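A short write-up of the structure that comes next.
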Number of protein chains: 2
Amino acid sequence: MAEISDKTIARLSLYRRLLSDLLEDGQTQVRSHELATLANGSPAQVRRDLAEAVGCQGRPRQGYDVAGLFESIGAVLDGPSGENVALVGVGNLGRAVLAYLAGRRPGVNLKAAFDSDPAKVGQSWMGCPCHPDAAIPRVIREQSIRVAILAIPAASAQAVAEQLMDAGVTGLMNFAPVRLRARPGVFVENIDIAISLEKTAYFARQAAES
Amino acid sequence: MAEISDKTIARLSLYRRLLSDLLEDGQTQVRSHELATLANGSPAQVRRDLAEAVGCQGRPRQGYDVAGLFESIGAVLDGPSGENVALVGVGNLGRAVLAYLAGRRPGVNLKAAFDSDPAKVGQSWMGCPCHPDAAIPRVIREQSIRVAILAIPAASAQAVAEQLMDAGVTGLMNFAPVRLRARPGVFVENIDIAISLEKTAYFARQAAES
């Protein structure tokens, strides 16, 4: 299958969540325009995403089988066994992210947490053991972890990212307010809460004044 | 000045943060290529952003005055008095966001928090008083709040967003895992942690397998 874009993957993830809600409600069939309404998109885009990235065609008038489509999207997103994930930084934000994600994501296995604070090491957060930062190289390799969530201060983010990439991490979800220099091929998703808020404030003012 | 895009505003916010770091280090001048390196961008883009959106031209060989540029970007981003902001949902994630933002953002004034849990109402979080959800219309109007951060479950997000928009909010930063239906002109910044993680996991696997 052709390479799938960043934005398409985000939409597939959203469709899967919406399908999961429909499954819970006992709905068995869904048409593209219904999914499009739920996803704030267009029916044509839903059909294109599902045909090109997932290989699923809806049937005229009936649309898609909800359970089947849920599984098919999962096969694309999660691969055969899902991804092992580490969290670095068990502060307020890291703990909140852990609590938010724990147990919810079928394709994501939270395997390890790391913190530089000795008081946090050895504890378990949402079932996730917390190791010292010095154990990053060993634990990442031993547990075949390819995805890491960085919830640490800006000053230490690049050095920690280097350690993680050295140990085999190829995907970083970065909450640290700094632009990481990633190696070629390594995927970085920046979630910069302060920038998002400044952007929202700017456009809120534009909207109010227009 | 022409309308500034979403992405440009995000870059201006990043430049301002980088300038703030330079100011702390005592640096007085900065050239476009240095800012570009720090921002993971190109010098041409830095110069274009600063000329078109901020109206600042660097001087040959000297570049920009750090303090002046910091102020000029602030005038664009923050407007005359900054924006008043409310947080809805004082759970793990809401508290983490509050702790992360409190006192840090010059143009953003955290004025009020809201929660449906009576145990949280009446308390103060990072200096921010917590009101019951029922007080949303009154407090938003009284305090001229135009920006709201939604850190609540998906099920209640749309109804709360409607109340906020009714009361005059024109910018929503939405952490709830749901696509909000916003009114025309209202800006919505979605921060969907689960989708971001699934995306990171997908591309981490692609990178490891390529």
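Keep in mind that the numbers below use all heavy atoms, side chains included, and drop hydrogens, waters and symmetry copies. Bear in mind that the values here come from a model prediction, so they are computed numbers and not experimental data.
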**OP:** Find the one option among Val147(A), Val85(A), Asn84(A) whose heavy-atom pairs under 4.5 Å with chain B are most numerous.
**Re:** Val147(A)
**OP:** Might you point out which heavy atoms bring Tyr100(A) and Phe175(B) nearest each other, and give the distance in Å?
**Re:** OH-O, 4.1 Å
**OP:** Tell me, for Leu38(B) versus chain A, whether the close heavy atoms (under 4.5 Å) come from the side chain, the backbone, both or neither.
**Re:** backbone
Original post:
Is it the backbone or the side chain of Arg95(B) that comes under 4.5 Å from a heavy atom of chain A, or both, or neither?
Top reply: neither
Original post:
Step by step, would you call Lys199(A) with Phe187(B) a side-chain contact (heavy atoms from CB on, under 4.5 Å)?
Top reply: CA-CA 9 Å; Lys199(A) 203 166 76 172; Phe187(B) 182 84; 4.1 Å; yes
Original post:
Between Asp6(B), Ile191(B), Leu93(B), Asn92(B), which has the largest tally of heavy atom pairs under 4.5 Å with chain A?
Top reply: Asp6(B)
Original post:
Under 4.5 Å between any side-chain heavy atoms of Glu198(A) and Arg16(B), yes or no?
Top reply: yes
**OP:** Give every residue pair that meets the side-chain hydrogen bond (donor to acceptor under 3.5 Å, both in side chains) criterion with at least one member in residues 145-159 of chain B, sequence neighbours excluded.
**Re:** Glu83(B)-Arg146(B), Gln158(B)-Glu162(B)
**OP:** Answer with side chain, backbone, both or neither: which region of Leu18(A) has an atom nearer than 4.5 Å to a non-hydrogen atom of chain B?
**Re:** neither
Original post:
Among side-chain atoms of Glu189(B) and Thr200(A), is any donor-acceptor pair under 3.5 angstrom?
Top reply: no
Original post:
Where do Val178(B) and Arg17(A) come nearest, in terms of heavy atoms and distance?
Top reply: N-NH1, 3.9 Å
Subject >> Contacting moiety of Ala39(A), where chain B heavy atoms sit under 4.5 Å >> reply: backbone
Original post:
Which region of Val169(B), side chain (C-beta onward) or backbone (N, CA, C, O), has a non-hydrogen atom less than 4.5 Å from a non-hydrogen atom of chain A, or is it both or neither?
Top reply: neither
**OP:** May I ask you to name which of Ala208(B), Ala204(B), Gly94(B), Ala96(B) has the most heavy-atom pairs under 4.5 Å with chain A?
**Re:** Ala204(B)
**OP:** Give, as side chain, backbone, both or neither, the part of Leu77(B) having an atom under 4.5 angstrom from any heavy atom of chain A.
**Re:** both
**OP:** Go through Ala207(B), Gly171(B), Ser196(B) and name the one with the most non-hydrogen pairs under 4.5 angstrom from chain A.
**Re:** Ser196(B)
**OP:** Identify which part of Val188(A) has an atom lying under 4.5 Å from any heavy atom of chain B, answering side chain, backbone, both or neither.
**Re:** neither
**OP:** Take atom NZ of Lys111(B) as the centre, draw a 6.0 Å sphere, and report whether it contains more than 12 heavy atoms from other residues, nucleotides or ligands.
**Re:** no
Original post:
So which of Arg181(B), Glu209(B), Arg179(B), Arg205(B) has the biggest tally of heavy-atom pairs under 4.5 Å with chain A?
Top reply: Arg205(B)
Subject >> Max heavy-atom pair count under 4.5 Å with chain B, selected residue of Asn40(A), Asp21(A), Leu12(A) >> reply: Asn40(A)
Original post:
Between Tyr202(B) and Val76(A), is any pair of side-chain heavy atoms under 4.5 Å apart?
Top reply: yes
Original post:
Where on Asp192(A) is there a heavy atom nearer than 4.5 Å to chain B: the side chain, the backbone, both, or neither?
Top reply: side chain
